[in-house]
> 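Please read through the structure below; I'll follow up with questions.
No hydrogens, no waters, no symmetry mates; every other heavy atom, side chains included, goes into these values.
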Amino acid sequence: MKIVNIIIGTLVSAVISTVVILVISLIKLMFTHDEVGYTTSFFNSLFVKVEENTEDWDLYTTLGVNTDNLTPIILTIIFFWFFYLILTMVYIDRKKKREI
């Protein structure tokens with residue numbers, strides 16, 4: 001049961017880390033994009049689309065995730081998951097050696 005908790009905990013940490021990276025990338029893309037058009041970030045997984053002359057607004061901005069290209073996001077989650085899993089296993093192993 002302990003290994004299941006470790007696996008789930010590291011997976012949750014990996015997802016949270018990836019979401020933080022995605023949000024930072026999207027915010028950076030949103031504030032550095034100063035012209036009308038379509039711009040992508042994080043290996044074409046995130047996009048900012050700016051249109052002008054719409055009926056409601058002078059500039060209309062659309063932010064989102066490109067669902068056709070989710071591979072970089074999934075690979076980032078897997079990378080962080082293995083990284084956190086290895087760090088946790090090393091920490092538990094060192095902690096057991098200290099107790100002996």
Side-chain angles (χ1 to χ4, degrees):
M1 186 66 176
K2 187 175 181 180
I3 192 74
V4 174
N5 289 338
I6 292 171
I7 290 173
I8 292 173
T10 54
L11 182 60
V12 168
S13 299
V15 169
I16 290 171
S17 298
T18 304
V19 168
V20 167
I21 289 172
L22 293 175
V23 167
I24 291 171
S25 296
L26 193 60
I27 290 172
K28 181 180 180 249
L29 181 65
M30 185 174 65
F31 286 112
T32 58
H33 185 68
D34 59 350
E35 56 194 34
V36 176
Y38 183 85
T39 307
T40 61
S41 177
F42 201 73
F43 307 105
N44 295 329
S45 295
L46 304 173
F47 70 89
V48 171
K49 183 177 169 184
V50 179
E51 300 173 13
E52 66 179 349
N53 296 331
T54 59
E55 297 174 5
D56 298 331
W57 300 96
D58 289 335
L59 287 176
Y60 184 74
T61 304
T62 305
L63 310 171
V65 176
N66 185 3
T67 56
D68 295 334
N69 190 19
L70 293 176
T71 306
I73 297 172
I74 293 170
L75 289 175
T76 305
I77 291 172
I78 291 171
F79 171 77
F80 277 120
W81 184 32
F82 282 125
F83 179 71
Y84 291 148
L85 193 60
I86 290 169
L87 283 179
T88 304
M89 292 299 185
V90 167
Y91 172 75
I92 290 173
D93 186 46
R94 287 185 174 241
K95 189 175 175 183
K96 284 181 183 177
K97 286 182 181 179
R98 266 192 212 163
E99 291 176 358
I100 296 178

> Could you walk me through whether Leu11 and Ile77 satisfy the side chain to side chain contact (heavy atoms under 4.5 Å, CB included) test, starting with their C-alpha distance in whole Å, then the side-chain angles of each, then the deciding distance to 0.1 Å, before giving a yes or no?
CA-CA 8 Å; Leu11 182 60; Ile77 291 172; 4.3 Å; yes
> With the 4.5 Å side-chain cut-off for hydrophobic clustering, are Val48 and Tyr38 part of the same group?
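Looking at the clustering, Tyr38 is in a separate group from Val48.
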> Given side chains that start at C-beta, do those of Thr39 and Thr32 come closer than 4.5 Å, heavy atoms only?
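No - every pair of side-chain heavy atoms lies 4.5 Å or more apart.
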> Give the minimum heavy-atom separation between Ala14 and Trp81, together with the two atoms involved.
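Answer, listing the atom of Ala14 first, then Trp81: CB-N, 3.4 Å.
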> For a quick test of reading the model, state the closest non-hydrogen atom pair linking Leu46 to Leu22 and the distance between them.
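Looks like CD1-O, 3.4 Å.
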> Could you tell me which non-hydrogen atom of Met89 sits nearest to which non-hydrogen atom of Ile3, and how far apart they are?
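Result for this residue pair: CE-CD1, 3.1 Å.
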> Just how far is it from atom CD1 of Ile78 to atom CG of Leu85, taken to the nearest 0.5 Å?
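Reported to 0.5 Å precision, the distance equals 12.5 Å.
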> Any link between Ile8 and Phe80 through a network of hydrophobic side chains (Ile, Leu, Val, Met, Phe, Trp, Tyr) touching at under 4.5 Å?
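Result: yes, single cluster for both.
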> Please name the pair of heavy atoms, one in Leu63 and one in Met30, separated by the smallest distance, quoted to 0.1 Å.
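Looking at all heavy atoms of both residues, the shortest contact is CD1-SD, 3.5 Å.
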> Do the non-hydrogen side-chain atoms of Thr76 and Phe42 ever get within less than 4.5 Å of each other?
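Thr76 reaches Phe42 side chain to side chain.
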> Within a strict 4.5 Å, meaning less than it, do heavy atoms of the Thr40 and Leu29 side chains meet?
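They are not in side-chain contact.
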> For residues Leu70 and Thr67, report the shortest heavy-atom separation together with the two atoms involved.
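Result for this residue pair: CG-O, 3.7 Å.
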> Do Phe47 and Val36 sit in one hydrophobic cluster, given that two such residues count as connected whenever their side-chain heavy atoms are within less than 4.5 Å of each other, even indirectly?
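No, it is not one cluster - the side chains of Phe47 and Val36 are not joined through contacts under 4.5 Å.
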> Are Phe31 and Leu26 grouped together when hydrophobic residues (ILVMFWY) are joined by side-chain heavy atoms under 4.5 angstrom apart?
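Same hydrophobic cluster.
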> How close do Glu35 and Val50 get, counting heavy atoms only, and between which atoms?
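Nearest pair, atom of Glu35 first, then Val50: O-CB, 3.9 Å.
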> Measuring from Asp68:CG to Asn44:CG, what's the distance to the nearest 0.5 Å?
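Nearest 0.5 Å value for the CG-CG distance: 11.0 Å.
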> Transitively linked via ILVMFWY side-chain contacts under 4.5 Å: Ile86 with Ile7?
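Different clusters: Ile86 never reaches Ile7 through Ile, Leu, Val, Met, Phe, Trp or Tyr contacts under 4.5 Å.
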> Within the 4.5 Å heavy-atom criterion, are Leu75 and Phe79 side-chain neighbours or not?
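Not in contact.
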> Working to the nearest 0.5 Å, report the span between CG of Asp93 and OG1 of Thr88.
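Those atoms lie 12.5 Å apart.
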> Looking at Phe82, I want to see if its CZ is surrounded by more than 12 non-hydrogen atoms of other residues, nucleotides or ligands under 6.0 Å.
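No, not enclosed.
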